[in-house]
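First up is the structure itself, then whatever we jot down about it.
These numbers were taken from a predicted model, which means no experiment stands behind them. Residue numbers start from 1 in every chain, and the chains themselves are labelled A, B, ... in the order their sequence lines are given, proteins ahead of strands.
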Protein chains: 2
Amino acid sequence: MVQKSKPPSAATEPERRSEPKRRGRPRAYEPEIALGKALDLFRKQGFAATSLDDLSEATGMNRPSLYSAFGDKRELYIKSYQRYREDARASMVEIFRQEMPVRQRLARIYAAALNIYLSGETGPRGCFTVVTAASEAVGDPEIRAMALEGLTELDKAFANCFRRAKENGELPASADPAALAQLASATIHTIAIRSRARVSRKELEAIVKGAIDVMVGAKP
Amino acid sequence: MVQKSKPPSAATEPERRSEPKRRGRPRAYEPEIALGKALDLFRKQGFAATSLDDLSEATGMNRPSLYSAFGDKRELYIKSYQRYREDARASMVEIFRQEMPVRQRLARIYAAALNIYLSGETGPRGCFTVVTAASEAVGDPEIRAMALEGLTELDKAFANCFRRAKENGELPASADPAALAQLASATIHTIAIRSRARVSRKELEAIVKGAIDVMVGAKP
DNA sequence: TGATTTTTGTACCATATCGCAAATTAATCC
DNA sequence: GGATTAATTTGCGATATGGTACAAAAATCA
């Protein structure tokens, strides 16, 4: 029940700035990587199918430690989802910010999404929002709010992207950024779902290419 | 533990043709409606979160009866999914078959989809494939095969639809039916997901309209 | 009526699950 | 070194879960 054989010495703990010299027994785990392991499990199995024993084994923490660190199962699920959203946002925010042609921007966003969805040792992990959060959303208002936030955040980013493209003359004046954005989001959703059904990366990339062609016009 | 207070007399059982005069004690349930109740539950809660007690209560059958009729939980889940796909196909096959303008055909397909996704007494039920089957698909080859089948079946129907539209001159010669089809499927998937997050019917219809406009051109 | 057949109803088993309490260990503070 | 603090470990308990055995019930057949 140990996360790392090597205990975190002062030298091997670069993130703790100023070393606050915590009082009691030191933690045998690092919260961030433990949360990452929990996230992996929830993404793979969903909420109900993931037991505390599974989580305990994956994180290397026993149950009381899990509770003291993250609260009960539902809280851990929610914290995992927050972490997922932060990671996903981090992997895309730069692509949305930098200046580049729409086509390239879209291609890079979808490449980032595919990397998130297809990674995983025991099979593709898919998208947290699509695979499990949407499922829990009907019954849990807090999860529903987070899922909605995730959906609209992506819609807005895409809408912004198409609006800029229109201003740059990359899209015709008749283009509707909001409608295009929702199609762009829909493409994200469809590859998330298909990746769960183990559709190959190649096919998913073909879907992405076709979608981009329809949205911004076939490459000249 | 009774499905209907009125026992099925010979007169009130129109579907059993020729009345084979079954030998033993008559069933207290009708398999078709019991399967429908199980389907509702699985759609709402997914596989793991649905217990046999839940299923027993919903179907009005006790567990031994459930087993003798449908097998274990996984088999019941698979039979529910088959039933769902049959129902979904039935609600769309005519729309795909009949002769009508693309725009109208798409509108009617999406209306049918929304009816499936938004119905439900305790909240929107979403799409079986998207909400729960995609989740189980990574770990279960049989479910994965069914999910893949459902996805490609829809893709093909849409591709066929766009191919005909192109032949009829409703779409430009440059249109790519396969790419459009995958976008049309993606739109199905996105409204399935959003419906689970309780996005209103109005908003979903707006998304559908925008998607149709992009796919076949804004209405003149 | 009595034998046969099929389904139902009750009860049960072994295990899994969530959550927590109590004792133990390892660090710092004085 | 002893007190204090915080995390770990072990283990428990109440309940839930998937699955099944077995007897009672309700129909047909002879």
[X] has a side chain; which of [options] sits nearest to it?
{"X": "B:K73", "options": "D:dG18, D:dT9, C:dT8", "result": "D:dG18"}
{"X": "B:Y67", "options": "C:dT10, D:dG18, D:dA24", "result": "D:dG18"}
{"X": "A:S51", "options": "C:dC18, C:dT24, D:dA21", "result": "C:dC18"}
{"X": "A:R63", "options": "C:dG19, D:dA7, D:dA26", "result": "C:dG19"}
{"X": "A:Y29", "options": "C:dG19, D:dT5, D:dA7", "result": "D:dA7"}
{"X": "A:P64", "options": "D:dG19, D:dA26, D:dT10", "result": "D:dT10"}
{"X": "B:R25", "options": "C:dC29, C:dT7, D:dT8", "result": "C:dT7"}

Mind calculating the distance between [atom1] ([X]) and [atom2] ([N]) to the nearest angstrom?
{"X": "B:D53", "N": "C:dA11", "atom1": "CG", "atom2": "P", "result": "15 Å"}
{"X": "B:E75", "N": "D:dG18", "atom1": "CD", "atom2": "C1'", "result": "14 Å"}
{"X": "B:E30", "N": "C:dT7", "atom1": "CD", "atom2": "P", "result": "15 Å"}
{"X": "A:M61", "N": "C:dG19", "atom1": "CE", "atom2": "C1'", "result": "15 Å"}
{"X": "B:E57", "N": "D:dT17", "atom1": "CD", "atom2": "C1'", "result": "15 Å"}
{"X": "A:L55", "N": "C:dC18", "atom1": "CG", "atom2": "P", "result": "8 Å"}
{"X": "B:L52", "N": "C:dT17", "atom1": "CG", "atom2": "P", "result": "15 Å"}

Exercise. Look at the side-chain N and O atoms of B:S65 and state whether any lies under 4.0 Å from the OP1 or OP2 oxygen of C:dT8.
Key: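 B:S65 to C:dT8 OP1/OP2: side-chain N or O found under 4.0 Å.
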Quiz item: Do any side-chain nitrogens or oxygens of B:N62 fall under 4.0 Å of OP1 or OP2 in C:dT8?
Solution: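 Checking C:dT8 against B:N62, no side-chain N or O comes under 4.0 Å of OP1 or OP2.
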Quiz prompt | salt bridge (Lys or Arg N to Asp or Glu O under 4.0 Å) partners of residues 133-144 of chain B, not counting sequence neighbours, each pair once | solution =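 Found B:R74-B:D140, B:R74-B:E142.
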Quiz item: Starting at the 5' end of DNA chain D, which residue's closest nucleotide do you reach first, B:A48 or B:G24?
Solution: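 Closer to the 5' end of DNA chain D: B:A48.
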Exercise. Name the residue closer to the 5' end of DNA chain D, choosing between B:F47 and A:L66 according to the nucleotide with the nearest heavy atom.
Key: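 Looking at the nearest nucleotide for each, A:L66 comes out on the 5' side.
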Self-check item: Charged N-O contact under 4.0 Å between B:K44 and B:D40
Solution: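 Salt bridge absent between B:K44 and B:D40.
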Quiz item: Taking the inter-plane angle between the rings of B:F96 and B:F158 on a 0 to 90° scale, is it parallel (under 30°), tilted (30 to 60°) or perpendicular (over 60°)?
Solution: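 The arrangement is perpendicular - the two ring planes meet at more than 60°.
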Practice problem: Heavy atoms only: give me the nearest A:I95-A:A112 pair and the separation to one decimal. | Solution: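 Between these two residues, the closest heavy atoms are CD1-CB, 4.2 Å.
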Exercise. Look at the side chain of A:R23 and the base of D:dT4, then say whether one donor and one acceptor between them are separated by less than 3.5 Å.
Key: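 Yes, a donor-acceptor pair under 3.5 Å.
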Practice problem: Please tell me which of A:P26 and A:D54 maps to the more 5' nucleotide of DNA chain C, matching each residue to the nucleotide holding its nearest heavy atom. | Solution: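 The residue closer to the strand's 5' end, by nearest nucleotide, is A:D54.
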Quiz item: Is the closest side-chain donor-acceptor distance between B:D53 and B:S56 under 3.5 Å?
Solution: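 No, B:S56 and B:D53 have no side-chain donor paired with an acceptor closer than 3.5 Å.
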